[in-house]
Structure formats: C-alpha cells, structure tokens
Amino acid sequence: MNQRKKRERITDAERKEAYKEASRFVLDIAKLVFAGVILGSIMDMDINKGFVFGVGLIIVICLITLGGLLYYFAIKKY
C-alpha cells in the first residue's frame, strides 16, 4: 500500500511542445503590455508618460527575450 508510483518522464516532443506554447504565451503577454503602454499614452490622463514608456519598454524587452529563449529551447535538438 505504501508503494510509490514510478515517475514517468516526459518525452522530448512533449518538452518541445511545452516550450513552444510557453513561448507563444509570453510573446502574447508582451504584445498586450505594449498595447497597454500605447493606449495609456494616448488617453488624456494625469500620468507621467515618460515613466510609463520607460517601464513598459523594459517589461516588453524582458518578455520578448524570455519568449525568444523559450522558443530556442523548443527548437533545440536534445
């Protein structure tokens, strides 16, 4: 009764597909952040637009880099 289940290892194809889906997700988030920055700057609100652009640009660059890394892992041969 106290036996442990044998852990199943994921295959390379499953790993690649997971990396590819994660890459798509992160890049979609980057697009949404970029659109939010653009919309935030267009609207007539009392915000510091330079700060919004700066922070938004840093976040978008980080997300695009992460998405690229995940895509690289998806196409990498094991």
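Quick caveat, the model's predicted, so the values are computed rather than measured.
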query: L63 versus L27: any side-chain heavy-atom pair under 4.5 Å?
result: no
CD (E17) and CD1 (I10) are apart, to the nearest 0.5 Å, by 11.5 Å
Going hydrophobic residue to hydrophobic residue with side-chain gaps under 4.5 angstrom, can you get from Y19 over to I75? no
Between the OG atom in S23 and the CD1 atom in I64, the distance rounded to the nearest 0.5 Å is 11.0 Å
The side-chain hydrogen bond (donor to acceptor under 3.5 Å, both in side chains) partners of E21 (sequence neighbours excluded) come to R24
* Is V60 close to V37 at the side-chain level, that is, under 4.5 Å between some pair of heavy atoms? -> no
Going by chain and number, the hydrophobic cluster around L57 (ILVMFWY, side chain to side chain under 4.5 Å) further includes I61
- Query: Are V33 and F51 in one and the same hydrophobic cluster, where Ile, Leu, Val, Met, Phe, Trp and Tyr link if side-chain heavy atoms are under 4.5 Å apart?
  - Reply: yes
Point to revise | same_hphob_cluster(F53, M43) at 4.5 Å side-chain heavy-atom cutoff | key: yes
So CD1 of I42 and NZ of K49: to nearest 0.5 Å the spacing works out to 9.0 Å
Here the side-chain hydrogen bond (donor to acceptor under 3.5 Å, both in side chains) pairs for residues 61-71, sequence neighbours left out, are none
Output for pair (Y72 OH, L69 CG), nearest 0.5 Å, gives 9.5 Å
Main-chain N/O of A74 paired to K16 side chain as donor or acceptor, under 3.5 Å: no
When E14, E8, R9 are each screened for side chain to side chain contact (heavy atoms under 4.5 Å, CB included) with T11, the one that passes is E14
Rounded to the nearest 0.5 angstrom, the NZ-CG distance for K20 and L70 is 12.5 Å
